[in-house]
Protein chains: 2
Amino acid sequence: MDIAPPATGAADGTVGKALDVLDMVALHGRPVRFSELLAEGRFPKATLYRLLQTLTNQGMLAYDPERQSYAPGMRLVRLAHSAWRQSSLAPVARPHLDALAALVGETVHLAQLDTGQVLYVDKRNARQPVEMFSQAGKVGPAYCTGVGKAMLAFLDESELARALTRQSFHRFTQHTLASPAELTTELTAIRARGHAFDREEHEPGIICVALPILTQGNRVLGALSVTSTTERTSLTSLEALVPKIKETAARIAAEAESWRFPEQDTKGGR
Amino acid sequence: MDIAPPATGAADGTVGKALDVLDMVALHGRPVRFSELLAEGRFPKATLYRLLQTLTNQGMLAYDPERQSYAPGMRLVRLAHSAWRQSSLAPVARPHLDALAALVGETVHLAQLDTGQVLYVDKRNARQPVEMFSQAGKVGPAYCTGVGKAMLAFLDESELARALTRQSFHRFTQHTLASPAELTTELTAIRARGHAFDREEHEPGIICVALPILTQGNRVLGALSVTSTTERTSLTSLEALVPKIKETAARIAAEAESWRFPEQDTKGGR
DNA sequence: AAACTAAGTTTCACATACTGGAACCACTAG
DNA sequence: CTAGTGGTTCCAGTATGTGAAACTTAGTTT
């Protein structure tokens, strides 16, 4: 809904292309026809055809001959399980998120960074029961969300540079920081302050405070945010929650680190 | 825990190999070192190295330079999400599963077929609160589980033939059907009867009734099962639940079909 | 400190297997 | 029957992926 064209980096090799096709299918969010994918113009007919075939053979896509359309396959669903468990903070953070949500009574987000984009991996709604995976998994822009900025602010220089190239800087509201320059200034402030705000930068009326989740060595693992509306509360009162959030973040970090934890989004330089 | 070596079909092309590597990493269930993967002996050193590199570049894997290990990457998590949403029955079935679980008070499983293996996509434990994704995602053998047999029984000939090749027929208990012949006979019976049992074929003491979830056109979408133990109940009393389960299956099928629905596991013939 | 070993990375000549234009098929519509 | 759309197959050319082997780092041992 927000997110610009996949901004696929230089797709290396056949594998890269195949994965792009996977993305294309997944992004559509419903069974897609060959021609629809073709129309995207990313690949020549024959090539696209072959890639789809390969992915289907591999069970990463499923082809419905009746409707003549492709959808994500079962193998992907299976992979989903281990990916989710291992690589997201969600399982580790779950109890802490619960506690925080109960404490603050507002919507709480847990996010991680994926190729310069924010990936929401878990969420608690103020009231409703935990509706897990169906809520998580959304992606959003990093430069105009609390969690996004909180994470960007604590990246090291090279990581930040790379993340910045991936931003598309669309002006969602009149408060959106719509240039790298503005953003960089803001990030410095956030780094100094320790937490980030969303001042209706993404959606009017929506505000939030966000804190990064950092390892001992200050590596960014993810971010937490508490979101509300201008009607219900103000930035100042949200800011009062910072200590609580910080504590939660610290707990999650400690646990994640004491367990095992992979770096995300840091590829070999080349 | 049950599942034999990934039984990877003829890995076509580079993409196939890359996906195999993905599986290898995902299967390990924790960050893996290069050498561990190498030790599996599936690929020569250099090849494995390059594949890992590519996958890492693509964000499908994440490399932690500190621990020198690979884990599923954020991009995979993201893909996982859409796969889960679109291609599993889980989201559609959720309310119906809830209802059924509440009604019967036993453990309820929702499964689908993936390359001749059973993939559990959702589950309700008798008592405990819904612990969603963390429970789902497991795979198991098809030939000795209620859900597995229920689905196999309603496949058409060619699908069944393909699925049978994928089975490895390990004798788990003394009741396990350990040959294609025995299984085929059983499947005919199931098809006639409309539901399948698990008579302690997989684990001693564990029994269940299972029904397939079928489209109008009798295509297999998945299966439902109610599981219990020989201590708590008997096959006969489980059989009494069949009508309820059937009804739930029908509801799920109707909803899934009226929505959109992809075929799973049916690749183009070739 | 030199001599091993294990783990990871890079090279390079070779051929596999990917590419994509174009031709082909199967329908449906005009 | 002719044109058109949507999908599948061919095939020569070559880009790409292959994997044995050589090479770097660390980390141990003598």
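Labels below follow one simple rule: chain letters A, B, ... track the order of the sequence lines, proteins then strands, and each chain is numbered from 1. Side chains are part of it too, since the values below use all heavy atoms of this structure and drop only hydrogens, waters and symmetry mates. Quick caveat, the model's predicted, so the values are computed rather than measured.
- The heavy-atom pair separating Ala150(A) from Ile190(A) by the smallest distance is CA-CG2, 4.4 Å.
- Atoms NE2 and OH, from His28(A) and Tyr70(A) in turn, are 14.0 Å apart once rounded to the nearest 0.5 Å.
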Identify the pairs formed between an N or O of the protein and an N or O of nucleotides 3-5 of chain D at a distance under 3.5 Å, and give each distance.
none

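- Of all heavy-atom pairs spanning Leu19(A) and Leu55(B), the tightest one is CD1-CD2, 4.5 Å.
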Distances for protein N or O near nucleotides 18-23 of chain D N or O, under 3.5 Å:
unit_1: dT18(D); atom_1: OP1; unit_2: Lys17(B); atom_2: NZ; d: 3.3
unit_1: dT18(D); atom_1: OP2; unit_2: Arg50(B); atom_2: NH1; d: 2.9
unit_1: dG19(D); atom_1: OP2; unit_2: Thr47(B); atom_2: OG1; d: 2.9
unit_1: dG19(D); atom_1: N7; unit_2: Arg50(B); atom_2: NH2; d: 3.1

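- Taking atom P in both dA21(D) and dT25(D), the straight-line distance is 23 Å, to the nearest Å.
- Comparing Gln68(A) and Val15(A) against DNA chain D, the residue whose closest nucleotide sits nearer the 5' end is Gln68(A).
- Direction change of the helix axis from one end of the helix from dT10(C)-dA21(D) to dG30(C)-dC1(D) to the other is 30°, with five pairs defining each end axis (rounded to 10°).
- Atom CG of Leu38(B) and atom P of dT9(C) are 12 Å apart (whole Å).
- Closest approach of Glu36(A) and Pro31(A) over heavy atoms only: OE2-O, 4.3 Å.
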Evaluate the side chain to side chain contact (heavy atoms under 4.5 Å, CB included) criterion for residues Leu187(A) and Leu160(A): first the C-alpha distance (whole Å), next the side-chain angles of each, then the deciding distance (0.1 Å), finally the verdict. CA-CA 10 Å; Leu187(A) 292 183; Leu160(A) 178 59; 3.9 Å; yes
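- A straight line from CG of Asp64(B) to C1' of dG8(C) spans 16 Å, rounded to a whole angstrom.
- As rounded to whole Å, 16 Å separates atom P of dA7(C) from atom CG of Leu52(B).
- Neither OP1 nor OP2 of dG7(D) sits under 4.0 Å from any side-chain N or O of Tyr49(A).
- Atom-to-atom, CZ of Phe34(B) to C1' of dT9(C) comes out at 8 Å; the value is rounded to the nearest Å.
- Residue Ala256(B) comes nearest to Leu89(B) through the heavy atom pair CB-CD2, 3.9 Å, listed as atom of the first residue, atom of the second, then distance.
- Here the CD-CG distance, from Gln58(B) to Leu76(B), works out to 12.5 Å after rounding to the nearest 0.5 Å.
- What you find for Val15(B) and Thr14(A) is that their closest heavy atoms are CG2-CG2, 3.8 Å.
- Relative ring orientation between Phe169(A) and Tyr143(A) is described as tilted, the plane-to-plane angle lying within the 30° to 60° band.
- We find the CD-CG distance between Glu40(B) and Leu48(B) to be 9.0 Å, quoted to the nearest 0.5 Å.
- Residues Pro72(A) and Ala26(A) come closest through the heavy atom pair CG-CA, 4.4 Å.
- Following rounding to the nearest Å, Leu48(A) (CG) and dA22(C) (P) show an atom-to-atom distance of 18 Å.
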